[in-house]
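Keep in mind that what you see is a predicted model, and the values were worked out from it rather than measured.
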Amino acid sequence: MIELEGMPELIDPVMVAAFEGWNDAGDAASTAVAHLDREWKGEVFAALDAEDYYDFQVNRPTVWLDGGVRKITWPTTRLSVVRVGGDKPRDLVLVRGIEPSMRWRSFCNEILGFAHELGVEMVVILGALLGDTPHTRPVPVSGITSDPDLARTMDLEETRYEGPTGIVGILQEACTHAGVPAVSLWAAVPHYVSQPPNPKATLALLNRLEDLIGLRIPLGELAEDARAWQLGVDQLAAEDSEVAEYVQTLEEARDTAELPEASGEAIAREFERYLRRRDSGGPGGHATDGGEGTYLRDPAGGRTKPPMPPRPEPESGSPTDEDRSGGKAGSDADEDREQPAAGDADGTGGRDGERDDSGRDDSRDRDDSGEGEGGAERPES
């Protein structure tokens, strides 16, 4: 560990972490933490020693000029702190870096050491995955935890995942074993537009994080960026009939899955979220598109409707009669599978992808550093 400044004294701190690489489709998660750091003017107080955790042939250092003097920036993970003012001020410890190449257990232990020393009350880890979700609909965000009590009190999914994992899954389990409450928030990014940035997915993660920790997050220009991103993808899809037809198929599947969830419980949840955001008003307001608590116009019927989080499908792959009659909403991110990406956004290159229970291929290759294969991790539930 390289400590840059003295350890700060914090108020009711929550640690928010994101890592570039396999768990960061569209750079949505790392961009979300960068947004928090920028909007709240985070102060870096520590960094992990890059020599201990990174393969510099995979994540290469960069050279830059500072007043004619050449300097090197090493790939690493940095910790910063931001103070959120208001009636009840509290602090956020932001962890932003690159998924380590080696010594993952030591890496997590070092981060947990900071969490214990700073008195962190909860760790929230952001991730993004590639999925069969249309860009025209609200971005599904799943909340996952290994703690049964936390799942019950915060209305989260308790993880049941088995299979390959990334640093998000490892850090969450390390927190659980260390007795630190931990939650993972996963945004599903359309696999056919996997290249970064994806401001709509970033916006959805921030909206869900805001609901989780009870803080108002200034969004700056992020809402406008998300609208511009969707319009740009609309134009590209309109130029290719096959892509447009595929997007329409995804829309129909999504809308069909959401239809049974127009229950009193789901409507009440959306209305409560709307009231919270309206009452908190002021500069830097909230987006009206991007998260699962938003309202989008139905391009087919011209109607404005609140999207509802879909139910998880039973093992048979189709909803039961009981499912169609109501029940608790689940995750739209297909949390029963986690897998590396397996193919470029244009369908070329990469390894053969694993398929989920419904026969869909939710994985694509991505390359975050430009020097190797990357991808997105399935949420672990």
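In this structure, Ile217 and Leu206 approach most closely via the heavy-atom pair CD1-O, 3.5 Å. Shortest non-hydrogen contact noted between Thr73 and Trp64 is OG1-NE1, 2.9 Å. In terms of heavy atoms, Val139 sits closest to Ala188 at CG1-O, 3.4 Å. Here the shortest heavy-atom pairing between Glu173 and Thr159 reads OE2-CG2, 4.4 Å. Closest heavy-atom contact between Gly166 and Trp104: C-CZ3, 3.6 Å. Residue Ala174 comes nearest to Cys108 through the heavy atom pair CB-CB, 4.0 Å, listed as atom of the first residue, atom of the second, then distance.
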Passes side-chain contact (heavy atoms from CB on, under 4.5 Å), Leu94 versus Val82? Steps please. CA-CA 8 Å; Leu94 305 179; Val82 299; 4.0 Å; yes
Would Asp225 and Trp229 count as a side-chain contact (heavy atoms from CB on, under 4.5 Å) here? Give the steps. CA-CA 6 Å; Asp225 292 342; Trp229 177 86; over 6 Å; no
Carefully, step by step, assess Leu112 and Cys175 under the rule side-chain contact (heavy atoms from CB on, under 4.5 Å). CA-CA 7 Å; Leu112 279 171; Cys175 291; 3.7 Å; yes
Check against side-chain contact (heavy atoms from CB on, under 4.5 Å), Val183 and Leu185: CA-CA 7 Å; Val183 176; Leu185 298 181; 4.0 Å; yes
For side-chain hydrogen bond (donor to acceptor under 3.5 Å, both in side chains), just list the numbers for Glu158 and Ser146, CA-CA rounded to whole Å, side-chain angles, deciding distance to a tenth of an Å, and then say yes or no. CA-CA 6 Å; Glu158 186 178 353; Ser146 300; over 6 Å; no
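Using a 4.0 Å cut-off between charged side-chain N and carboxylate O, Asp211 and Arg208 make no salt bridge. In summary, Arg90 and Glu121 engage in a salt bridge, as defined by a charged side-chain N under 4.0 Å from a carboxylate O. Contact check on Glu251 versus Arg254 returns no salt bridge, with no Lys/Arg side-chain nitrogen under 4.0 Å from an Asp/Glu carboxylate oxygen.
A heavy-atom distance below 4.5 Å is not found between the side chains of Pro197 and Thr202. Between Ile98 and Thr76 there is no side-chain heavy-atom pair separated by less than 4.5 Å. Looking at Leu79 and Val44, their side chains never come closer than 4.5 Å, going by heavy atoms from C-beta outward. The side-chain heavy atoms of Arg96 and Arg78, taken from C-beta on, include no pair separated by under 4.5 Å. Ile144 places none of its side-chain heavy atoms less than 4.5 Å from the side chain of Leu156. Val124 has its side chain within reach of Leu209: a pair of non-hydrogen atoms, C-beta onward, lies under 4.5 Å apart. Ile111 is listed as a side-chain neighbour of Val95, based on a closest heavy-atom distance under 4.5 Å. Annotation: side chain of Val14 is not in contact with side chain of Val93 (no heavy-atom distance under 4.5 Å).
Atom CE of Met122 sits about 11.5 Å away from atom CG of Asp12, to the nearest 0.5 Å. For the atom pair CG (Asp55) and CD (Gln57), the distance works out to 5.5 Å, reported to the nearest 0.5 Å. We find the NE2-CG distance between His35 and Leu205 to be 12.0 Å, quoted to the nearest 0.5 Å. Interatomic distance, His191 NE2 to Asp132 CG, rounded to the nearest 0.5 Å: 4.0 Å. Distance OG1/Thr165 to CG/Leu171: 10.5 Å, rounded to 0.5 Å. Leu92 CG to Ile213 CD1: the interatomic distance, rounded to the nearest 0.5 Å, is 5.0 Å.
Legend: residues meeting side-chain contact (heavy atoms from CB on, under 4.5 Å) with Ile72, ordered by chain and number and at least two apart, are Pro61, Val63, Trp74. For Arg83, the side chain to side chain donor-acceptor pair (under 3.5 Å) partners two or more places apart in sequence, or in a different chain, are Asp91.
Between the side chains of Ser142 and Glu157, no donor-acceptor pair is found at a separation under 3.5 Å. Looking only at atom types and distance, the side chain of Thr77 has a donor-acceptor partner in the side chain of Tyr54 under 3.5 Å away. Side chain to side chain, His135 and Asp234 meet the donor-acceptor criterion of an N or O pair below 3.5 Å.
Side chain of Glu99 to backbone of Gly21: no donor-acceptor contact under 3.5 angstrom is found. Under a 3.5 Å cut-off, the side chain of Asp37 and the backbone N or O of Val33 do not form any donor-acceptor pair. In terms of modelled atom types and a separation under 3.5 Å, the side chain of Ser194 and the main chain of Pro190 share no donor-acceptor contact. Side chain of Asn59 to main chain of Pro75: no donor-acceptor pair is present (N/O by atom type, distance under 3.5 Å, no hydrogens or angles). Not one N or O on the side chain of Asp147 forms a donor-acceptor pair closer than 3.5 Å with the backbone of Thr176. Listed for the Lys200 side chain is no donor-acceptor partner under 3.5 Å among the backbone atoms of Ala223.
Residue pairs meeting the salt bridge (charged side-chain N to carboxylate O under 4.0 Å, His left out) criterion with at least one member in residues 62-77, sequence neighbours excluded, are Asp66-Lys71.
Hydrophobic clustering places Phe56 together with Phe107 (ILVMFWY residues linked when any side-chain heavy atoms are closer than 4.5 Å, directly or through intermediates).
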